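Step one of this worksheet: look at the structure below.
Predicted, not measured: the structure shown is a model, and the values here were computed from it. Sequence lines set the chain letters: A, B, ... in the order given, protein chains first and strands last, and positions in each chain run from 1.
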Amino acid sequence: MTVEPTDPTAPAPSDFIRDIVAQHVAEKRYPKIVTRFPPEPNGYLHIGHAKAICINFGIARENGGTCNLRMDDTNPAKEEIEYVDAIIDDVKWLISGWAEHQLGFKRKGATPAAQIVDGKPDYYLASVPADAGQTELEPFFASHYFDQLHDYAVELIRRGRAYVCDLSPKDTDDYRGAPDRPGKDSPFRQRSVAENLDLFARMRAGEFPDAARSLRARIDMASPNMWLRDPLLYRIRHTAHHQTGDKWCIYPLYDSAHCLSDYLEGVSHSLCSLEFTDHRPLYDWILEALGLPRPLPHQYEFSKLRPTYMIGSKRKLIGLVNSGVVTGWDDPRLPTIRALRRRGVPASAVRRFAIGAGVTKFISTTDIAVFEHAVREELNPIAQRRLAVLKPVKLVLTNIPAGEKLECAATNDPQSETPTTRTVHLTREVYIESDDFAEVPPPKYFRLKPGGEVRLKYACIITCDEVIKDATGAVVELRCTADLTTRAGGPNVDRKVKGTVHWVSATECIEAKVRLYDRLFTVPEPGLDDDFLKNVNPHSLEVVTARLEPALKGAAPAQYFQFERLGYFVLDARDATPAKPVFNRTLPLKDTWAKAPGGK
RNA sequence: UGCCUGAUGGUGUAAUGGUAGCACAGGCGACUUUGACUCGCCUAGUCAUGGUUCGAAUCCAUGUCGGGCAGCCA
């Protein structure tokens, strides 16, 4: 797909959902296109969520609409406030520069307001742009609708569409039947409206212990769709909620809360992943049963984004963190948004990848190479070039006196239309990459070898005269001659040699810890195996002490660098200090040589 | 042996009854003071079988294979 996700003027890529939205826009079915991104605050966002974010915000963006960020927090037992801030932060980062004007928040503390529409009572909570700024804003919370949700539940009872059921959880299961076997009616199904109203009020008042009773929709215990077999709407949970404290001891379930939350916010298109397909008839049933006055939202499902070599399952992610395989939720090897960000992946690259994967109902796995391509595609034009040597070997230019500094102009941004340069100093002693020298070179090796020539990038051509080894036979020093006539401005600057090699001055460089990350797993689909920990790549992290050119001393977090011929790097925002820089390798450069028979 | 849902090169995706295209990956070559980038060329596909039609990836039927659903999780 040839989209430019970062270009705000780019035409929207078409897919089956966008086609539907376009049709609704054409027929003016809704006053405004409103989508939503509804994470449950019980974990961190990951690359899979990025797809949902891109679809929901993308469709809002393309239709002059809004996408509400809503915490789907109807289960106090599982959710924690700690995740809320992280989610907000991740979403804002991901849409920044692309769809931040679409982000819908609400005034702090706001709840849906009662209104009359077409003579009917109604509740509505409008969004305000998150970038409006004048007032204190917050995301939406399903828990902030508990009053209205409760009123809707009461209305369902009044309409004879819901009842209080005294069946235990175990009996409820038994009565439900199985996919190929109809369930049977609860003995409490025919209670009177008055009795149901009374019982539900007493549930709310806290008269019954957890799970003693529940509120159920009265639909059809013989439905082939399990979710229509009198699904639970409310359960009793004597648990405090991070938003509502101990105000409630009954909490709505996903199915009763989600559709109504969408409605309350004026959502037009509720876009979610495939596993909710079976819930859609229930989503529609609840909204229709209530006879609501405004246009109803509708749900459409798409398949998740599953890149190879990554895992999306919350449980497995927790397993990685708790087992100590990774250092935390933002460990750069993880597919969480925080981790990707720390690793040096720009938000635009996450978007490019997520959008490029397309929107379908086909359950697919996306080659991680597509992700890596998207990252390089975004980084190549913007990353500042620098020289760094990861695994140094000393090289002495015997014809340059100690103390002499030869100025060389190094290009910062070769992809720019107006490239700029900085100065690096060529000195008598430099470091080059140990990979760039071979005493017995493989075929087609055009780096440095005994008696061979190579260009020190931005400097000059050198010849290797002598190889010095230690007692164990390891190469400790290369003694070379520099041909200064091949420097920029020199008479032989245009002399060609096959190989060009990066280097840093041994006397001017700085030391830094550099983390070389590789994919976390050794198999493309680690999630397939329940014992996925055994597929962890033991070499997913290598830490080296590298030598960097002095310009890197002033590096700031979120500055993207390309260490020439090596890859893309960023300062580690968490562990680096001014005195002790730490860099993370985002990705290595593509390396055709490494794939060649002689290469590595 | 229930309901829902899907199937296009190795991977992902487009073609909405009219030339099966794009991207990634892979291969070859050009360029190169990054074995990067860029550029050129190449490899490779409609799940199967019937049917409708002048014409089918697309519509119909049957089959095969994949995924989801039996939480008081979302």
Lys498(A) side chain N/O closer than 4.0 Å to the phosphate oxygens (OP1, OP2) of G35(B)? no
Classify the side chain of Arg455(A) and the base of U33(B) as holding, or not holding, a donor-acceptor pair under 3.5 Å. yes
Among U33(B), U11(B), A25(B), the one nearest Thr500(A) by side-chain distance: U33(B)
For the pair made of CZ in Phe362(A) and P in G6(B), what is the distance, rounded to whole Å? 12 Å
Is it true that, when you exclude Glu407(A) itself, more than 12 heavy atoms of the residues, nucleotides or ligands shown sit nearer than 6.0 Å to its CD? no
Counter-base of C59(B), judged by Watson-Crick or G-U geometry with both distances under 3.5 Å: G51(B)
Regarding G71(B), purine or pyrimidine glycosidic angle vs 90° from 0 gives syn
Nearest-neighbour nucleotide for the Val493(A) side chain, U38(B), U33(B), G12(B) considered: U33(B)
Please tell me which of Ser364(A) and Thr277(A) maps to the more 5' nucleotide of RNA chain B, matching each residue to the nucleotide holding its nearest heavy atom. Thr277(A)
Going 5' to 3' through nucleotides 64-74 of chain B and flagging B where a protein heavy-atom sits under 4.0 Å of the base, S where only the sugar-phosphate is that close, and - otherwise, we get ---SBSBSBBB
Determine the contact category for Ser223(A): base if any of its heavy atoms lies under 4.0 Å from a base atom, sugar-phosphate if only primed atoms, P, OP1 or OP2 are that close, otherwise nothing. nothing
What does C37(B) pair with, Watson-Crick or G-U, if both distances are under 3.5 Å? none
G45(B) pairs with which nucleotide, Watson-Crick or G-U wobble, both distances below 3.5 Å? none
Write down the distance between CD (Glu433(A)) and P (U33(B)), rounded to a whole number of angstrom. 21 Å
Rounded to the nearest Å, what distance is computed from the CZ atom of residue Arg229(A) to the P atom of nucleotide G2(B)? 13 Å
Any strand counts, and the cut-off is 3.5 Å on both contacts for Watson-Crick or G-U wobble. Which nucleotide pairs with U32(B)? none
Can you find a side chain N or O atom of His502(A) that sits less than 4.0 Å from OP1 or OP2 on U34(B)? no
Can you check whether Phe563(A) and Phe569(A) have ring centres sitting under 6.0 Å from each other? yes
When the P atoms of G27(B) and U62(B) are considered, how many whole Å apart are they? 46 Å
P atoms of U58(B) and A48(B), separation to the nearest Å: 10 Å
Measure from CG on Asp19(A) to C1' on A14(B) and round the result to the nearest Å. 12 Å
When rounded to whole Å, the CZ to C1' distance for the pair Arg352(A) and U13(B) reads 16 Å
Looking at every strand, decide which applies to Phe371(A) at a 4.0 Å heavy-atom threshold: base, sugar-phosphate, or nothing. nothing
In whole angstroms, how far is the P atom of U16(B) from the CZ atom of Arg18(A)? 19 Å
If we ignore angles and hydrogens, is there a donor and acceptor under 3.5 Å between the side chains of Ser14(A) and Asp19(A)? yes
Looking at A7(B), which nucleotide sits across from it as a Watson-Crick or G-U wobble partner, both distances under 3.5 angstrom, or is there none? U64(B)
Expressed in whole Å, how much space separates the P atoms belonging to C4(B) and C60(B)? 15 Å
For Asp436(A) and U34(B), give me the distance from atom CG to atom P, rounded to whole Å. 13 Å
Strictly by Watson-Crick or wobble contacts shorter than 3.5 Å, is anything paired with A74(B), and which nucleotide is it? none
Pick base, sugar-phosphate or nothing for Pro381(A), based on heavy-atom distances below 4.0 Å to the nucleic acid. nothing
I'd like to know if Glu301(A) reaches the base of U5(B) with its side chain such that a donor and an acceptor end up less than 3.5 angstrom apart. no
Could you check whether Arg237(A) and Tyr251(A), counting side-chain N and O atoms only, form a donor-acceptor pair closer than 3.5 Å? no
Using the P atom in both, what is the distance from A56(B) to G17(B), to the nearest Å? 14 Å
Can you confirm whether Lys304(A) is buried at NZ, in the sense that more than 12 heavy atoms of other residues, nucleotides or ligands lie under 6.0 Å from that atom? no
Judged by each residue's nearest nucleotide on RNA chain B, which is more toward the 5′ side, Val501(A) or Phe16(A)? Phe16(A)
By the Watson-Crick or G-U definition, both distances under 3.5 Å, U1(B) is matched with none
Would you please classify the geometry between the His258(A) ring and the Tyr283(A) ring as parallel, tilted or perpendicular, with 30° and 60° separating the classes? tilted
Using a 4.0 Å heavy-atom cut-off, does Lys595(A) contact any base of the nucleic acid, only the sugar-phosphate backbone, or nothing at all? sugar-phosphate
When the C1' atoms of A14(B) and U32(B) are considered, how many whole Å apart are they? 35 Å
With a sphere of 6.0 Å drawn around NZ of Lys314(A), does it hold more than 12 non-hydrogen atoms of other residues, nucleotides or ligands? yes
What contact category does Arg385(A) fall into here, base, sugar-phosphate, or nothing, at under 4.0 angstrom with non-hydrogen atoms? base
Assess the pair Phe16(A) and Phe302(A): is the distance between their ring centroids shorter than 6.0 Å? no
Is the shortest heavy-atom distance from the side chain of Arg235(A) to the side chain of Asn75(A) under 4.5 Å? yes
Please classify the nucleic acid contact of Thr360(A) as base, sugar-phosphate, or nothing, using heavy-atom distances under 4.0 Å. sugar-phosphate
How far, in whole Å, is G21(B) from G63(B) if one measures between their P atoms? 34 Å
Check: His150(A) ring centroid to Phe200(A) ring centroid under 6.0 Å: yes
Donor-acceptor pair between Asp230(A) and Tyr175(A) side chains, under 3.5 angstrom: no
Taking atom C1' of A36(B) as reference, at what distance in whole Å does atom CG of Asn412(A) sit? 17 Å
Is any side-chain nitrogen or oxygen of Thr592(A) closer than 4.0 Å to OP1 or OP2 of A36(B)? yes
Determine the Euclidean distance between corresponding C1' atoms of U13(B) and U53(B); express it in Å to zero decimal places. 29 Å
Between A74(B) and U34(B), how many Å separate the two C1' atoms, rounded to a whole number? 48 Å
Under 4.0 Å, heavy atoms only, any strand: does Lys457(A) hit a base, just the sugar-phosphate, or nothing? base
For Phe446(A), answer base if it contacts any base atom (sugar-phosphate contacts may also be present), sugar-phosphate if it contacts only those atoms, and nothing otherwise; contact means non-hydrogen atoms under 4.0 Å. base
Under 4.0 Å, heavy atoms only, any strand: does Lys496(A) hit a base, just the sugar-phosphate, or nothing? sugar-phosphate
